[in-house]
Amino acid sequence: MIEPDIYPAPWSPEQVTVYEVGPRDGLQNESRSLDVGVKAAFIERLIAAGVRAIELTSMVRPDRVPQLADAEALLQRLRLPSDVRAVVLVPNRRGLERAMAFGVREIAIFASATETFSHRNLGRSIDDAFRMFEPVVSDANEAKITVRAYVSMCFGDPWEGKVPISRVVAASRRLLDLGCHELSIGDTIGTGTPGHVRALIDALVDEGVKTEQLAVHFHDTYGQALANTAAALQMGVRTVDSAAGGLGGCPFARSATGNLATEELLWELHGLGVDTGIDLVELARTSEWLAAELGRPSPSRAVRAIASRLAES
Ligand code: MG
């Protein structure tokens, strides 16, 4: 069995939700587009390995994100077990309607803590983005659909540089007041460090945000993702975003490493004694298979280490 030895820390959580973003955030940022059948097989393999929270796809305009142009065809194909938390990203009201046609019970919206990224990514100011989110969140809540909100650029912005904590707190507060049930605090360019994570979560809690309302979304661009995850767990955060095999690269730096790899997160969590219900080896096999479909090696060190141990035995 390829697993870390278990040494619980005094702050080891009893349970952590591993929120898998590979099929959406990961594949959206890969240069090669996959066939819808491969995507469906990928999601089925994630579920078979024990993953229970997955962002499936995004209802964005096909001309803007060609990698996810098959969102409807994908949802049509999937038969999801009832205990899977399945989420679809929607950019606007039209996207919400398209998702609702498939009986989606949870959606995600994508917000920015900084003005520059809001303009670059959404083509509008933060205020205008909120005007766009408002009807989406209220219509969703009315239909008993829960809403997760991504807050991007929380630890740094490639155009603005340093992002004040107060700005992240303000955007977060506003999203919760709108009716979002969970915030995914994103280190979009991967520059955050553990002390920064502590300071930001402290400031959010001071503003009345509960740690149960928080998820963290770290990128490993500067190798800080697992250290930052440990800091967030120590602060009481219990939902961590990651992408199988480290899918997605980094959209803002030409490095191989973007999203925290789920296998690396599992190595840390399982070593801390957290039972995630996910079969690490099965997941690593899935990531190896998908890397071959994408025509490049997996950027995840854990995937490569597990693959070489499997090859030896
Ligand atoms: Mg990401």
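Just so you know, these numbers use all the heavy atoms, side chains as well, and skip hydrogens, waters and symmetry mates. Everything quoted here is computed from the prediction, not taken from an experiment.
Taken to the nearest 0.5 Å, the CG atom of Leu74 stands 11.5 Å off from the OG atom of Ser58. Annotation: the span from Leu233 atom CG to Thr211 atom OG1 amounts to 11.0 Å, rounded to 0.5 Å. Asp157 CG to Ser152 OG: the interatomic distance, rounded to the nearest 0.5 Å, is 8.5 Å. The structure places CZ of Phe102 at 5.0 Å from CD of Glu72, a figure rounded to the nearest 0.5 Å. Note: Asn121 CG to His119 NE2 = 12.0 Å, rounded to the nearest 0.5 Å. Interatomic distance, Leu176 CG to Glu207 CD, rounded to the nearest 0.5 Å: 10.0 Å.
Under 4.0 Å is where a charged nitrogen must lie from a carboxylate oxygen, and between Glu288 and Arg304 no such pair does. A salt bridge links Arg173 to Asp177: one of the charged nitrogens lies within less than 4.0 Å of a carboxylate oxygen. Checked for salt-bridge contact, Glu212 and Arg238 miss the test: no charged N lies under 4.0 Å from a carboxylate O. Between Arg285 and Glu282 there is a salt bridge, since at least one side-chain N of the basic residue sits less than 4.0 Å from a carboxylate O of the acidic one.
In terms of hydrophobic clustering, with Ile, Leu, Val, Met, Phe, Trp and Tyr side chains grouped at heavy-atom distances under 4.5 Å, Val168 and Phe117 are assigned to different clusters. Hydrophobic clustering, with ILVMFWY side chains joined whenever heavy atoms are under 4.5 angstrom apart, keeps Val209 apart from Tyr150. Hydrophobic clustering, with ILVMFWY side chains joined whenever heavy atoms are under 4.5 angstrom apart, keeps Ile6 apart from Ile278. In the hydrophobic cluster analysis, where Ile, Leu, Val, Met, Phe, Trp and Tyr join through side-chain heavy atoms closer than 4.5 angstrom, Val84 is grouped together with Val147. When hydrophobic clusters are built by joining Ile, Leu, Val, Met, Phe, Trp and Tyr residues whose side-chain heavy atoms come closer than 4.5 Å, directly or via intermediates, Val136 is not grouped with Leu89.
Proximity of a side-chain donor or acceptor of Asn141 to a complementary backbone N or O of Gly179 within less than 3.5 Å is detected. A distance-only check finds a donor-acceptor pair linking the side chain of Asp220 to the backbone of Ala225 [under 3.5 Å]. Between the side chain of Ser287 and the backbone N or O of Val303, no donor-acceptor pair lies under 3.5 Å. In this structure, the side chain of Gln224 engages the main chain of Tyr222 through a donor-acceptor pair within 3.5 Å. The backbone N or O of Ala73 sits nowhere less than 3.5 Å from a side-chain atom of Asp70 that would complete a donor-acceptor pair.
Here the shortest heavy-atom pairing between Asp279 and Val281 reads OD1-N, 3.1 Å. Contact record, Pro23 with Ile43: CG-CG1, 3.9 Å, taken as the closest heavy-atom pair. Considering every non-hydrogen atom in both Ala111 and Leu175, the closest pair reads CB-CD1, 3.9 Å. The heavy-atom pair separating Asn228 from Pro194 by the smallest distance is OD1-N, 2.9 Å. The nearest pair of heavy atoms linking Val90 to Ala99 is CG1-CB, 4.0 Å. Residues Ala284 and Ile306 come closest through the heavy atom pair CB-CG2, 3.8 Å.
The environment of CZ in Arg64 is sparse: at most 12 heavy-atom neighbours from other residues, nucleotides or ligands sit within 6.0 Å.
Two residues are said to be in side-chain contact when any heavy atoms from C-beta on lie closer than 4.5 Å; Val240 and Leu269 fail this criterion. For the pair Thr239 and Val16, the minimum side-chain heavy-atom distance is 4.5 Å or more. Two residues are said to be in side-chain contact when any heavy atoms from C-beta on lie closer than 4.5 Å; Cys154 and Leu200 meet this criterion. Inter-residue side-chain proximity for Leu226 and Phe218 is flagged as unmet; no heavy-atom pair is nearer than 4.5 Å. Ser184 places none of its side-chain heavy atoms less than 4.5 Å from the side chain of Val151. The closest side-chain heavy-atom distance from Leu272 to Tyr7 is not below 4.5 Å. The side-chain heavy atoms of Val169 and Ser172, taken from C-beta on, include no pair separated by under 4.5 Å. Residues Ile54 and Tyr19 fail the side-chain proximity criterion, which asks for heavy atoms closer than 4.5 Å.
Under 3.5 Å, the side chains of Thr116 and Glu160 contain a donor-acceptor pair of N or O atoms.
Every side-chain contact (heavy atoms from CB on, under 4.5 Å) that Val65 has, sequence neighbours left out, goes to Gln28, Val60, Gln67, Leu68. Residues forming a ring pair (Phe, Tyr, Trp, His ring centres under 6.0 Å) with Phe155 (at least two apart in sequence, or on another chain): His196. Not a single ring pair (Phe, Tyr, Trp, His ring centres under 6.0 Å) links His270 to another residue, sequence neighbours left out. Evaluation of the salt bridge (charged side-chain N to carboxylate O under 4.0 Å, His left out) rule for Arg24 yields Glu55 as partners, not counting sequence neighbours.
Judged by the 6.0 Å distance and 45° axis criteria, Arg148 is not positioned over the aromatic ring of Phe110. Stacking of Arg131 on the aromatic ring of Phe133 is not recorded, the 6.0 Å distance cut-off and the 45° axial limit not both being met.
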- From CA spacing to verdict: side-chain hydrogen bond (donor to acceptor under 3.5 Å, both in side chains), Glu264, Ser300: CA-CA 7 Å; Glu264 283 157 39; Ser300 161; 2.8 Å; yes
- side-chain hydrogen bond (donor to acceptor under 3.5 Å, both in side chains) assessment of Asp187 paired with His217: CA-CA 6 Å; Asp187 186 5; His217 185 113; over 6 Å; no
- Item | Derivation of the side-chain hydrogen bond (donor to acceptor under 3.5 Å, both in side chains) call for Glu20 and Thr262 | CA-CA 7 Å; Glu20 173 62 48; Thr262 307; 2.8 Å; yes
- Task: Check the pair Val237 / Val197 against side-chain contact (heavy atoms from CB on, under 4.5 Å), numbers first and verdict last.
- Result: CA-CA 11 Å; Val237 173; Val197 171; over 6 Å; no
- Stepwise, does the side-chain contact (heavy atoms from CB on, under 4.5 Å) test hold for Ile189 with Thr221? CA-CA 7 Å; Ile189 56 171; Thr221 324; 5.8 Å; no
- Go through Ser112 and Ser118 one step at a time and tell me if the side-chain hydrogen bond (donor to acceptor under 3.5 Å, both in side chains) criterion holds. CA-CA 5 Å; Ser112 170; Ser118 187; 5.3 Å; no
- Message: Apply salt bridge (Lys or Arg N to Asp or Glu O under 4.0 Å) to residues Glu293 and Arg32 and explain how you reach the verdict.
- Response: CA-CA 9 Å; Glu293 294 286 340; Arg32 188 183 285 188; over 6 Å; no
- Task: May I have the step-by-step check of salt bridge (Lys or Arg N to Asp or Glu O under 4.0 Å) for Glu312 and Arg309, ending in yes or no?
- Result: CA-CA 5 Å; Glu312 280 163 18; Arg309 279 173 70 177; over 6 Å; no
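Applying the salt bridge (charged side-chain N to carboxylate O under 4.0 Å, His left out) test to pairs two or more places apart or on separate chains, none has a residue in residues 109-124. The side chain to side chain donor-acceptor pair (under 3.5 Å) contacts involving residues 79-91 comprise Arg52-Asp83, Arg85-Glu106, Arg85-Glu182, where partners must be two or more places apart or lie in separate chains.
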